[in-house]
Amino acid sequence: MMDSPSRPKLFDFHGVSMTSSFTDNWETVQNFQARPDDVVIATYPKSGTTWVSYILDLLYFGQMSPERQNTIPIYERVPFLEITESGPNIHSLIFLMSLPTTPRLIKTHLPVQFVPKSFWGQNCRMVYVARNAKDNMVSSFHFARMNSYIPEPGDWNSHFQKFLAGKMLFGSWYDHVNCWWKKKQTYSNLHYMFYEDLVEDTGREIDKLCSFLSLSPSAEEKTRVMSEVKFDNMKNNAMTNYSAKPGMNFEISPFLRKGIVGDWKNHFTVAQNEEFNEDYKKKMKDPTLQFRTEI
Ligand code: A3P
């Protein structure tokens with residue numbers, strides 16, 4: 001299938017496949033001045049970024065500013081560091097730098113080697129969310145079908161092949177999750193968490209996040225956060241379901257699509273699964289980094 005002319009094209013950027021929307025502002029992004037209390041939410045796309053963004057936003061600001069929750073979409077409360085598009089509801093670094101709230105919650109999909117130096121220099125807290133490759137691939141397939149700001153996925157098999165070859169926006173899933181995992185060995189202010197764990201026991205994962213961030217919500221507050229961040233509640237909440245975002249066609253696929261572990265079983269053929277598993281063994285050599293494809 002041909003890419004439609006209006007869709008952006010991937011190109012090699014220092015060894016990583018990117019589109020210009022995320023590289024046009026490179027100098028400004030690289031020179032970003034972090035504050036020591038900034039909290040970064042880093043993910044490979046489609047790993048649960050929005051879910052964890054909303055959890056953190058509620059933990060930090062849920063009590064003190066209900067208005068924030070009711071009037072500002074989550075992608076404005078937690079701005080996207082490297083995006084350069086401008087337009088209604090899409091905010092840039094200028095907006096991010098002037099955020100009045102403390103801490104600033106900042107989303108990025110950058111591979112670890114592209115993260116602006118200032119974040120490391122200021123010893124900022126980083127939350128990395130990883131999701132198993134099979135479900136990640138399925139989620140990114142449907143997202144690319146519905147989002148005209150990113151390259152078209154083609155049919156399922158061509159998306160599958162591109163994923164294995166690492167020819168995806170923000171590069172190879174395999175490199176992304178591995179390099180962030182390795183970073184943990186030298187940078188202690190990094191909390192590496194898994195989408196599957198969050199699905200399995202949201203409360204337990206919120207406790208771990210709170211301990212990492214030195215937050216101590218009351219039992220009531222935690223119960224409220226757990227309820228707000230349930231898949232159905234986020235899907236029905238106009239401030240978290242991306243319904244106001246331009247460029248997305250929810251008739252093709254909603255942003256909050258299924259929110260489960262194991263949907264890959266509805267997409268992978270037996271042959272694809274074998275090919276995937278063979279290739280996976282070659283690329284994922286670190287025995288300490290283990291993903292679950294079912295729970
Ligand atoms: P699916 O496409 O598999 O449904 P990101 O925010 O990084 O773009 O990730 C989007 C994925 O996270 C989507 O996966 C979305 O449904 C899922 N997600 C978002 N909120 C969720 C929640 N509260 N519970 C479970 N999954 C959630």
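Only heavy atoms go into these numbers, but all of them, side chains included; no hydrogens, no water, no symmetry mates. Order of appearance sets the numbers: ligands from 1, and atoms from 1 within every ligand. All figures in this text were calculated on a predicted structure; none of them were measured in a lab.
Contact residues of ligand 1 (protein heavy atom closer than 4.0 angstrom to a ligand atom; sorted by chain and number): K46, S47, G48, T49, T50, W51, R131, S139, Y195, V229, K230, F231, M234, F255, L256, R257, K258, G259.
Between F22 and F170, the distance from one ring center to the other falls under 6.0 angstrom.
With respect to I295, the side-chain contact (heavy atoms from CB on, under 4.5 Å) criterion is satisfied by exactly one of D201, I260, V199: V199.
For the residue pair H142 and H267, a side-chain donor N or O sits within less than 3.5 Å of a side-chain acceptor on the partner.
Across every non-hydrogen atom of Y192 and W180, the tightest pair is CE1-C, 3.9 Å. In this structure, R131 and E196 approach most closely via the heavy-atom pair CG-OE2, 3.6 Å.
By the 30° and 60° cut-offs, the orientation of the rings of F276 relative to F160 is tilted.
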